[in-house]
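The analysis underlying the following values was restricted to heavy atoms, covering all of them including side chains, and did not include hydrogens, waters or symmetry mates. Not measured: the values here are computed from a predicted model.
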Amino acid sequence: AGGVAGVCVDLILFPLDTVKTRLQSPQGFRKAGGFRGIYAGVPSTAIGSFPNAAAFFITYENVKSVLPHGSSPYLSPATHMVAASLGEVVACLIRVPSEVVKQRAQVSPSSSTLRILSHTLYHEGIQGLYRGYKSTVLREIPFSLVQFPLWESLKDLWSWKQGHVVDSWQSAVCGAFAGGFAAAVTTPLDVAKTRIMLAKAGSSNARGNVLAALGGIWRTQGLPGLFAGVVPRMAAISLGGFIFLGTYEKTRQLLL
């Protein structure tokens with residue numbers, strides 16, 4: 001169910017993700033490709049989406065089932081936070097190599113995905129594919145700490161109001177609100193992650209220091225730089241939350 005949801009959302013919203021990446025790139029939107037080659041890097045996403053989303057939900061649901069969450073209303077959000085955080089740590093082992101290749105293809109639309117993959121491996125080795133792992137985890141954990149407890153709380157509130165468990169479309173609406181809010185507050189971390197992944201080998205950003213990357217963006221571009229791409233990111237993740245969490249719930253219902 002998680003794998004199907006991941007593939008659906010990533011392929012449907014890929015153009016918005018490309019626009020967001022190019023807005024955040026150091027060379028600027030136009031030089032990074034503008035609106036040309038909007039599907040550059042899509043093979044990397046198509047390959048990585050299913051196992052990445054599947055790994056997240058396998059971890060999320062298993063941790064949720066192990067941790068106590070029914071005894072106290074205050075314990076439930078903490079359980080969802082821990083489960084989502086561990087899910088992200090595991091999923092990022094698959095997501096980061098896919099994301100590195102995808103983002104480099106998005107800002108170099110004339111190069112193929114395979115060429116970018118082989119170039120990265122040749123010049124930087126396996127660690128080149130995991131550049132930005134720490135920054136991605138540091139972006140995803142705060143994102144999940146906001147999104148998943150909010151999603152679960154909104155579903156519980158809606159279920160209580162109507163007297164029965166929410167339908168998959170209602171779960172999708174809750175996912176859209178939770179995703180959009182989480183996307184807005186974590187945009188600076190997303191910008192830092194993009195700069196680290198796109199940095200030239202040997203540069204200061206290539207070392208993967210998130211605080212240094214945020215400080216550099218703040219000094220050169222100020223607040224607008226830290227929130228570069230916030231509108232397409234919020235739009236993509238709100239739509240993504242609707243499709244991703246709605247598809248997940250519907251597929252689960254069909255399978256179970």
Counting C-beta onward and ignoring hydrogens, is there a side-chain heavy-atom pair between Gln253 and Ser168 closer than 4.5 Å? yes
Taking the six-membered ring for Trp, is the centroid-to-centroid distance between Tyr248 and Phe56 below 6.0 Å? no
Ring center gap for Trp158 and Trp151 short of 6.0 angstrom: no
Kindly say whether Gly34 contributes a backbone atom to a donor-acceptor pair with the side chain of Arg22 at under 3.5 angstrom? yes
Checking Gln103 against Thr194 for the side chain to side chain contact (heavy atoms under 4.5 Å, CB included) test, could you report, in this order, the C-alpha distance in whole Å, the side-chain angles of both residues, the deciding distance, and whether it holds? CA-CA 8 Å; Gln103 290 205 313; Thr194 299; 3.6 Å; yes
Look at the aromatic rings of Phe57 and Phe244 and report parallel, tilted or perpendicular, splitting at 30° and 60°. tilted
When rounded to the nearest 0.5 Å, the distance separating CG of Leu138 from OG1 of Thr186 is 12.0 Å
With distance as the sole test, does Gln24 use its side chain to make a donor-acceptor pair with the main-chain N or O of Ala228 at under 3.5 Å? yes
Between Val89 and Tyr133, is any pair of side-chain heavy atoms under 4.5 Å apart? yes
Kindly determine whether Val230 and Thr187 satisfy side chain to side chain contact (heavy atoms under 4.5 Å, CB included), including the steps that lead there. CA-CA 6 Å; Val230 66; Thr187 294; 3.5 Å; yes
Salt bridge (charged side-chain N to carboxylate O under 4.0 Å, His left out) partner of Glu140, the single match among Arg95, Lys193, Lys134: Arg95
Which value, rounded to the nearest 0.5 Å, describes the distance between Leu117 atom CG and Ser111 atom OG? 12.5 Å
Evaluate the criterion ring pair (Phe, Tyr, Trp, His ring centres under 6.0 Å) for residue pair Phe143 and Phe181; output intermediate values, then yes/no. CA-CA 9 Å; Phe143 180 85; Phe181 181 74; over 10 Å; no
Answer whether the closest heavy-atom distance between the side chains of Leu129 and Thr120 falls below 4.5 Å. yes
In the structure I gave you, are the side-chain heavy atoms of Phe242 and Phe177 within less than 4.5 Å of one another anywhere? no
Measure from the side-chain N and O atoms of Thr113 to the backbone N and O of Ser44, and report whether any donor-acceptor pair falls under 3.5 Å. no
N/O donor-acceptor pair under 3.5 Å between Asp167 side chain and Gln170 backbone: no
Stepwise side chain to side chain contact (heavy atoms under 4.5 Å, CB included) check, Val137 with Glu88: CA-CA 7 Å; Val137 169; Glu88 292 296 355; over 6 Å; no
Apply salt bridge (charged side-chain N to carboxylate O under 4.0 Å, His left out) to the pair Arg252 and Glu61, showing each step before the final yes or no. CA-CA 12 Å; Arg252 258 188 80 186; Glu61 295 292 355; 3.2 Å; yes
Charged N to carboxylate O below 4.0 Å: is that the case for Asp17 and Arg233? no
Below 4.0 angstrom, N of the basic side chain to O of the carboxylate: do Lys155 and Glu249 qualify? yes
Looking at Glu99 and Arg104, is any side-chain nitrogen of the basic one under 4.0 Å from a carboxylate oxygen of the acidic one? no
Checking Met81 against Ser144 for the side chain to side chain contact (heavy atoms under 4.5 Å, CB included) test, could you report, in this order, the C-alpha distance in whole Å, the side-chain angles of both residues, the deciding distance, and whether it holds? CA-CA 7 Å; Met81 285 178 178; Ser144 294; over 6 Å; no
For Ala53 and Gly6, work out which heavy atoms get closest and say how close. CB-CA, 3.7 Å
